K.L.:
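Here's a structure for you.
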There are 2 protein chains.
Amino acid sequence: MSAPTRAAAPAPAPASSKSQLAYEWLHAQIVSGSLAAGARLVLAQVAGELGISVVPVREAVRRLEAEGLVTFEKNVGATVAGIDPIEYLYTMQTLSLVEGAATALSAPAVGRSDLAAAREVNARMRAMVDDDHQFDPVEFTRLNHEFHSVLFEHCPNPHILDLVHRGWNRLTALRGSTFSFVPERASESVAEHEELLRLIERGAPTPEIELAARRHRSATLDAYLASTGAHPHFPTL
Amino acid sequence: MSAPTRAAAPAPAPASSKSQLAYEWLHAQIVSGSLAAGARLVLAQVAGELGISVVPVREAVRRLEAEGLVTFEKNVGATVAGIDPIEYLYTMQTLSLVEGAATALSAPAVGRSDLAAAREVNARMRAMVDDDHQFDPVEFTRLNHEFHSVLFEHCPNPHILDLVHRGWNRLTALRGSTFSFVPERASESVAEHEELLRLIERGAPTPEIELAARRHRSATLDAYLASTGAHPHFPTL
DNA sequence: CCGGACTGGATCGTATACGATCATCGTATA
DNA sequence: TATACGATGATCGTATACGATCCAGTCCGG
């Protein structure tokens, strides 16, 4: 059992420490969706799979718990988070807040090459929307992340930037397993991207950019809510 | 040298687990200022002081690291964070963002009794400001926290609320050791509190409350920057 | 037939021991 | 004297072992 002859487990890249290894491996498994939401994580089992001991695995799991990617219950075990729909809403709302700020703070540092890159990505998204045959929700989501990454990665405040990353990770984990894409939003989303780029390009005031970025995500949240009709009273930010 | 002669280690309250005990103890020590910024934390030493082993201490330290209260370096040891002034600015800015949102989201749930409590606290702050003899920076800071707690504790989004708490903790730890209060701000601060209460009481729109709360903290940050003149180009949110 | 206590298994929480890594300090040499 | 180098100590990182706790299934009594 201890022999690392496991085919599926992608040979864990050499990490600085074993707890880091466990963290990165689990993180990748969860974000990529290989570990579905609700899946149980037994410390000893994970340790055996990675060929290490339980102590570093435990530490990795606690870190993931702090990021909201797993829930850890005493004497019961850890489970991959992402079951609760309300958590999805909270995450979206929080991301709306921090991503809006990050995008606004990044704007002054966004250069021509960044804008060009973002435009190129958005063009591919538009192509997808225009041609129904080519539309691929997974790829569309990936492009969406790439687009926004360009716009918020220059954020001078590392704390806010970190919160944005955590939000995206959590969202990716949650969405991949439980929630469905709302394709009706795709066209609007691409249009809002272009509007956002125009604002940044012309050096619009920071609050204006923040509001645009925030509402861009809020609109996605609203679309999700409308498609489910489940939580009509969710507070708007 | 082994006994740090710390002022009466308060008998660690019984906690659910020992790692939780270590976490709470260290957290309290740092936030209260008993452990000054830059102080070294040796795992074995802390473990001995609490009468437990190093493993749970290690876990507690990693959690504190995730919250930004300590920095952990391999084979060197952990140190209480809070030396870097720029970190203080980042924290203030982030707190401005999340606290503004939390206050705005809480507003609909703030009732008469909450408003009365907040007014009572603010009255005490005003009394302090009016009478120079009674002014006590530490107590003023505590009252300030109490005031804002009333206004953001009803936040329906637990993620945002958690970020607010973390921000305050981090700020408290940083401020207690390295940064000085700006007493010139006290009077304005109290006035802004009253304005904030009026907005909430009359049911002002959410964005308006958010902006007021955010700028209230931004003003404190600006005052700090002005008093030091060190970082004139810090971006405004 | 049903409900409560009991036992067995599984899992986590912690202690202890050992190895790995890094910083520090002393020494020799150019 | 300044610098390079090696020995020493301190600290963390991990493995292993054991105890504590909880859950589930079972058995017994009503």
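Owing to the predicted nature of the structure, the values given are computational and were not obtained by experimental measurement. Naming: A, B, ... by sequence-line order, numbering from 1 per chain. All values below come from the heavy atoms of this structure, side chains included, with hydrogens, waters and symmetry mates left out.
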K.L.:
Considering only dT14(D), dC22(D), dC22(C), which nucleotide approaches the side chain of N75(B) most closely?
P.N.:
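Closest of the options to the side chain of N75(B): dC22(C).
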K.L.:
Counting only Watson-Crick pairs (N1-N3 plus N6-O4 or O6-N4) and G-U wobbles (N1-O2, O6-N3), all under 3.5 Å, who is the partner of dC2(C)?
P.N.:
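Because both required distances fall under 3.5 Å, dC2(C) counts as paired with dG29(D).
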K.L.:
Between dT16(C) atom C1' and K18(B) atom NZ, what is the distance in whole Å?
P.N.:
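Taking NZ of K18(B) and C1' of dT16(C), I get 13 Å after rounding.
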K.L.:
Is there side-chain contact between S96(A) and M92(A), with heavy atoms separated by less than 4.5 Å?
P.N.:
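No, too far: nothing below the 4.5 Å cut-off.
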K.L.:
Check the distance between dT14(D)'s P and E59(B)'s CD and give it to me in whole angstrom.
P.N.:
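So the two atoms are 14 Å apart, to the nearest Å.
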K.L.:
Verify whether one side chain among E99(A) and W168(A) offers a donor that lies under 3.5 Å from an acceptor in the other.
P.N.:
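Yes, W168(A) and E99(A) have a side-chain donor paired with an acceptor closer than 3.5 Å.
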K.L.:
Between atom CZ in R40(B) and atom C1' in dT11(D), what is the gap in whole Å?
P.N.:
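Answer to the nearest Å: 8 Å.
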K.L.:
Considering Watson-Crick and G-U wobble pairs with both distances under 3.5 Å, what does dC23(D) pair with?
P.N.:
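When the pairing criteria are applied, dG8(C) turns out to be the nucleotide that pairs with dC23(D).
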K.L.:
Rounded to whole angstroms, how far apart are CG on L21(A) and P on dA15(D)?
P.N.:
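Rounded to whole Å, this separation is 10 Å.
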K.L.:
Nearest whole Å is fine: how far is dT21(D) P from E73(A) CD?
P.N.:
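So the CD-P distance, E73(A) to dT21(D), works out to 16 Å.
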K.L.:
For dA15(C), does OP1 or OP2 lie under 4.0 Å from any side-chain N or O of S53(B)?
P.N.:
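Answer is yes, contact under 4.0 Å.
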K.L.:
More 5' along DNA chain D: V76(A) or V55(A), using each one's nearest nucleotide?
P.N.:
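This one resolves to V55(A).
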K.L.:
Side chain of P56(B) only, please: which of dA23(C), dT21(C), dA15(C) is the nearest?
P.N.:
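For the P56(B) side chain, the nearest candidate turns out to be dA15(C).
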K.L.:
Of the nucleotides dC22(C), dA15(C), dT11(C), which has the atom closest to the V42(A) side chain?
P.N.:
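It is dT11(C).
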K.L.:
Looking at CG of L225(A) and OH of Y88(A), how far apart are the two atoms once the value is rounded to the nearest 0.5 Å?
P.N.:
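Those atoms lie 9.5 Å apart.
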K.L.:
Return the value, rounded to whole Å, for the distance between atom CG of L50(B) and atom P of dA15(C).
P.N.:
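Value for this atom pair: 11 Å.
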K.L.:
Which nucleotide wins on minimum distance to the side chain of L43(B), given the candidates dA15(C), dC12(D), dC22(D)?
P.N.:
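Nearest to the side chain of L43(B) among the choices is dC12(D).
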K.L.:
Are the side chain of D114(A) and the backbone of V150(A) linked by a donor-acceptor contact shorter than 3.5 Å?
P.N.:
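Looks like no, no N/O pair under 3.5 Å.
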K.L.:
Is there a side-chain polar atom (N or O) of K74(B) under 4.0 Å from OP1 or OP2 of dA23(C)?
P.N.:
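It does not, given that no N or O in the side chain of K74(B) lies less than 4.0 Å from OP1 or OP2 of dA23(C).
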K.L.:
Checking side-chain hydrogen bond (donor to acceptor under 3.5 Å, both in side chains) between D162(A) and each of R166(A), H159(A), H165(A), which is the one that passes?
P.N.:
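Output: one option passes, namely R166(A).
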